[in-house]
Amino acid sequence: MKLILTTTSLIALLGLTCAAPVFAADGQDHLPSLTPEVESSMRAGLAAALRKLPKCNPYQMLENGECCNPGFVSLGKECARIAPPACASVAIDAPESCAITRCARFSRTVEKEVPALDDAGQPIAGKMDKKSEDVPCEPWVGGKRDLTCEQDTYECKPEELKSGPARWCGDWLKELAALPPADGSAAPVEKTYVRCRAGSDGCMLQERECTGKELLENKSEGAGPCKVGEFIDINSGQCSSYKCPAICQTADGRCAKCGPDYPGAAVEFKKAVDGDPRFYEAYFNLGMALERQGKWKEAVAVYEQAKAIAPKDEHEKSLQFSAQAYIARASLAESRRALEAGDKTRANQLAEQAKSVCESIRGQDPDNTVANVTLAIYYLDQDNLDLAEQFVRTALRANREDTIALNIRGLIKLRQGNNDIARWILEDKVLALDPANPEALANLGLAYVRLGDLPKAVVAFDRAVKLNPNAASARLNLGAIYLEYLNYRDAEKQYKAALAIEPDNLEALTGYALSLEGKREPKKAAEIYEKVLIKDPTRTAILVRLALIYNNQPFNDGKRSIEYWKRYIRDANLPKADEVKPQLDAARVELKKYEKAPKKPTPDIAKAKAAAIANEAALALKWKNSIAIESRVQAIEQGMMLEQQAKDPNNKPQEPAPAPK
């Protein structure tokens, strides 16, 4: 699946305005006279928004700053298990996606004497053989663990799985101190384990799969059954829901104190705005904090409020221009979302509107950073890299450490194929200035993809998503990588999260359908593919997916499959194989002319040879595709005819279905 270049993220929170008063060279204070309350709110908002990303999920953060392992949560000073190892990676974020299909059983291997058999399989008189056999046993006898009774697993029965959600079990046990051998020898001593009360001294929990009986009865003599995402309280021994550790809990009860807290920041910035309605910078920060939460319309409303403030001097006039530029930048983001939803007309209207506003601003304030950055994004979207770089340079002249402009420069280098330089800009420049910058992390992930380092790309995208859960583009890229690894479950998780942010995003819908295909859910995948085609009929690759789906289980609909193949041939302008073959033969003849070319050809000959090689390769690929599709359609048609003849040999088979209009 094609990766999506992250530009949407460039409109988000990328360098909040400093709370400290700013003075011009002549000493004139350009900011309003802030009251202590307003300044305190501004500082509190900045502290919340610029808080660094924690080392792990807040629910795994211990009081000493260390992290619990996957599958565990923090209880403050210690960790508690909430899932078996197989579900550790999703236990916090998506426990419902965990599927535990193995059940525990206990058995002991015993040897039995059976009659010996000869080569013909007949019993041999008077001769016996020994045969090993696994027989069920009880693991606990009189409160003591029988170590000869070993645990194994089997595929749970349907009724056992349907008895409730995915659950895990365990046993509370304690190791008894072993006495040395009476004869004083150094012989090994067998360990002894006994049941114990949860929370008692030396009592530990040993997790395991539940037995079928435990699942059906939803009770255990040991621990559980607990749903994935629940821990077993050591005091009560009961399954319990975990809470946010006190170290990460805000005063209003949210688990947002161990990382950037944009909702909390927005509250503080709103206090600053209410305390001083002329505080432009507070409006800007409030708008960006709302954008980070995906509250686009609310953010624009805040920028509109700032725009409506009547400026008192040239500095405030420049800030009013910035408010207009923030609105234009939000329009660009909305344009991109409209384009991703298949509404190209609205996307173009919004983009041109944003461009017009920023050009008007630059006519009066050429150095306005927000306007220059917005125009850089506009031209990057138009693939006009020279103009995009020109506006980046203008923004960086005003501030060499502008992380938005540096981010765009990194994207420009990616578009140019300068992947190492892009990585250096994003990793050594932007992230050095702002380590918790989700946009830089998302773009760095793209750089690693281009450099072929997918593991590092996954880490970068994952960190970007944790910093900004509303970063749809980062989730799309993460989902695409999971598809590349055939990790359909995690791909589905990312695409569903992206659709929760942008329900009409066609790339997210397509990726979601691909992940469903991988999970062998073709009916749901086909429904989504057809929904995408209605929105954007130019996505011809989806026609191929539908043609393949309908030709297989559970549809086995050859007629419909042929319809999609023919529609693909038509919409993708794929010529017939016998039309391409003469062109391919001619291209190969042309290519042979260069076999006798000198070892060091002139630049013109080298250029012509390269063009001939590229032309032959393109025609060869086109011919192979045409042959493959025509052969597939022919095979389906023949299969349908044979099937029809088998049903009624006297009936003449119907002609294949015509191509759809």
Side-chain angles (χ1 to χ4, degrees), residues 69-72 79-89 91 98-116 128-182 185-228 230-232 234 237 239:
N69 291 327
F72 290 79
C79 301
R81 180 180 287 280
I82 58 169
C87 300
S89 62
C98 177
I100 302 176
T101 60
R102 305 292 296 180
C103 288
R105 64 182 172 193
F106 295 89
S107 61
R108 178 184 294 110
T109 302
V110 297
E111 288 189 343
K112 291 184 177 180
E113 285 193 345
V114 295
M128 303 294 287
D129 277 343
K130 289 186 177 181
K131 179 183 177 182
S132 295
E133 182 180 344
D134 289 338
V135 296
C137 59
E138 289 296 328
W140 295 92
V141 179
K144 181 180 176 183
R145 181 68 170 88
D146 182 355
L147 298 180
T148 66
C149 186
E150 298 181 341
Q151 179 186 331
D152 190 10
T153 63
Y154 67 94
E155 193 72 23
C156 299
K157 297 176 182 177
E159 61 269 21
E160 293 165 348
L161 293 175
K162 292 179 181 178
S163 63
R167 286 161 289 171
W168 63 284
C169 294
D171 292 301
W172 294 106
L173 50 83
K174 178 179 182 179
E175 182 180 354
L176 296 182
L179 297 173
S185 67
V189 179
E190 288 190 5
K191 294 182 178 180
T192 302
Y193 296 95
V194 296
R195 284 197 186 278
C196 56
R197 182 177 56 81
S200 62
D201 188 35
C203 192
M204 58 183 178
L205 175 66
Q206 184 179 61
E207 62 85 21
R208 59 170 172 81
E209 290 86 356
C210 299
T211 64
K213 181 181 178 182
E214 288 172 326
L215 291 177
L216 290 169
E217 297 179 354
N218 200 34
K219 64 180 181 180
S220 169
E221 292 183 6
C226 292
K227 292 184 290 187
V228 174
E230 292 181 332
F231 74 96
I232 301 175
I234 61 172
C239 303

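Starting from 1, each residue takes its place in the sequence as its number.
- Within the 4.5 Å cutoff, side-chain heavy atoms of M128 are placed close to those of P115.
- To the nearest 0.5 Å, atoms OG (S163) and CD (E214) are separated by 11.0 Å.
- Sorted by first then second residue, the salt bridge (charged side-chain N to carboxylate O under 4.0 Å, His left out) pairs that include residues 155-168, not counting sequence neighbours, are R102-E155.
- Between C239 and G224 the shortest heavy-atom distance is SG-CA, 4.0 Å.
- In this structure, C226 and C169 have their SG atoms no less than 2.5 Å from one another.
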Show your reasoning for whether side chain to side chain contact (heavy atoms under 4.5 Å, CB included) applies to F231 and L205. CA-CA 11 Å; F231 74 96; L205 175 66; over 6 Å; no
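- A distance of 9.5 Å separates CG in L161 from CG in L216, rounded to the nearest 0.5 Å.
- With C103, the cysteine C210 has an SG gap of 2.5 Å or longer.
- Taken from CH2 in W172 to OH in Y193, the straight-line distance is 16.0 Å, to the nearest 0.5 Å.
- Across E209, R81, R208, a single residue satisfies side chain to side chain contact (heavy atoms under 4.5 Å, CB included) together with W168, and that is R81.
- C137 contributes atom SG, which lies 4.5 Å from atom CZ of R108 (distance to the nearest 0.5 angstrom).
- Taking CE from M204 and CG from L173, the interatomic distance works out to 4.5 Å, rounded to the nearest 0.5 Å.
- Within 6.0 Å of atom CD in E111, more than 12 heavy atoms from other residues, nucleotides or ligands are found, so the atom counts as buried in its surroundings.
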In sequence, state the C-alpha distance, the side-chain angles, and the governing distance for C87 and I100, and then conclude on side chain to side chain contact (heavy atoms under 4.5 Å, CB included).
CA-CA 8 Å; C87 300; I100 302 176; 3.7 Å; yes
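- With a 6.0 Å radius and a threshold of 12 heavy atoms from other residues, nucleotides or ligands, E221 has its CD atom at or below the threshold.
- At a threshold of 4.5 Å between non-hydrogen side-chain atoms, the residues N218 and P225 count as touching.
- Within the model, atoms CZ of F106 and CG of D146 stand 11.0 Å from one another, a figure rounded to the nearest 0.5 Å.
- Under the salt bridge (Lys or Arg N to Asp or Glu O under 4.0 Å) criterion, D129 pairs with no residue, sequence neighbours left out.
- For residues 195-204, there are no side-chain hydrogen bond (donor to acceptor under 3.5 Å, both in side chains) pairs, not counting sequence neighbours.
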